[in-house]
Amino acid sequence: MRDDLDINHAYEVLGLEPLASPAQVKRAYRKLVKIWHPDRFLDQEQKQEAEEKIKSINAAYNKLKSESLSEPPTSENPSSSSPTNTTKISVNRWDAETFYTWGVENATEGRYEDAIADFTHAIRLNPHYIDAYKYRGLVCSQLGYEYRASSDLNKAAQIEQEVRNPGAARTSRSARHTSKPRPLVKRFCQGIKSLLRLNRR
């Protein structure tokens, strides 16, 4: 597919309306890739058609992804007919909040591995993202990764403590080495309770 793919055509290839959210773009892309993956077809002609379709799907997805990472158009002259205004669109930024939202959607739909990847990306972009640690801990616990779950829930609690009382964070770290560690189950339950309190707000 050509490099100068029209943005509207890219949305059309993915079966979306213009200005769809990044989450919608990602979902549509994943769905189409599953449908058109060449390995799903036995007939050589169908396999070749699927390869062409995958190329156009990838090109459309990459176009929309690159457009969302570029700066949004200025609102000074929205009806301007300059080429840059017609191709540049304002799509949500791919920031920590976006990846957190995708993680929540994936976790809700039972796609736990994808959810963990999204929460991890959110944490990389914002290492103090308490909710991302909590939700990733919950998802890890669903998958039976108790050590990872406990680590994430402890990290969330540590960050919350530092936010609430910045001076006490230093003293509590030194005191932690002398105190008896709490059992894993108790820490996990406290983390889940904390997460549930967060969801009620």
How far apart are the closest heavy atoms of [X] and [Y], and which atoms are they?
X	Y	answer
V139	A107	CG2-CB, 3.8 Å
L14	Y29	CD2-CA, 4.3 Å
N126	A96	CB-CB, 3.9 Å
I7	L64	CD1-CD2, 3.4 Å
I159	P127	CD1-O, 3.7 Å
W36	A50	O-CB, 3.4 Å

Knowing that exactly one of R136, Q142, H121 qualifies, which makes a side-chain contact (heavy atoms from CB on, under 4.5 Å) with I116?
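Only one option passes, and that is R136.
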Between [X] and [Y] (side chain of the first, backbone of the second, donor and acceptor by atom type, cut-off under 3.5 Å), is there such a pair?
X	Y	value
Y100	Y135	no
S151	Y147	no
E109	N106	no
N165	Q161	no

Can you tell me how far the [atom1] atom of [X] sits from the [atom2] atom of [Y], to the nearest 0.5 Å?
X	Y	atom1	atom2	result
L143	L138	CG	CG	10.0 Å
I57	L32	CD1	CG	4.5 Å
I123	F99	CD1	CZ	12.5 Å
C140	Y133	SG	OH	12.0 Å
N62	K65	CG	NZ	6.5 Å

Is the shortest side-chain N to carboxylate O distance from [X] to [Y] below 4.0 Å?
X	Y	answer
K134	E160	yes
D6	K63	no
E105	R27	yes

More than 12 heavy atoms of other residues, nucleotides or ligands under 6.0 Å from NZ of K47: yes or no?
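It does: K47 NZ has more than 12 such atoms within range.
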Using the salt bridge (Lys or Arg N to Asp or Glu O under 4.0 Å) rule, collect all pairs that involve residues 115-130, keeping only residues at least two apart or in two chains.
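The answer is K26-D118.
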Starting from Y11, can I reach I35 by hopping between I/L/V/M/F/W/Y residues whose side chains sit under 4.5 Å apart?
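Looking at the clustering, Y11 is in the same group as I35.
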Between I54 and V13, is there shared hydrophobic-cluster membership here, with clusters defined by ILVMFWY side-chain heavy atoms closer than 4.5 Å?
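Both belong to a single hydrophobic cluster.
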Any side-chain heavy-atom pair of Y61 and V25 under 4.5 Å:
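Sidechains of V25 and Y61: in contact.
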Close side-chain approach of E97 and Y129, heavy atoms under 4.5 Å
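Side-chain contact under 4.5 Å: yes.
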With no hydrogens and no angle check, just 3.5 Å: does a side-chain donor-acceptor pair link E162 and Q158?
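Distance-only check passes for E162 and Q158.
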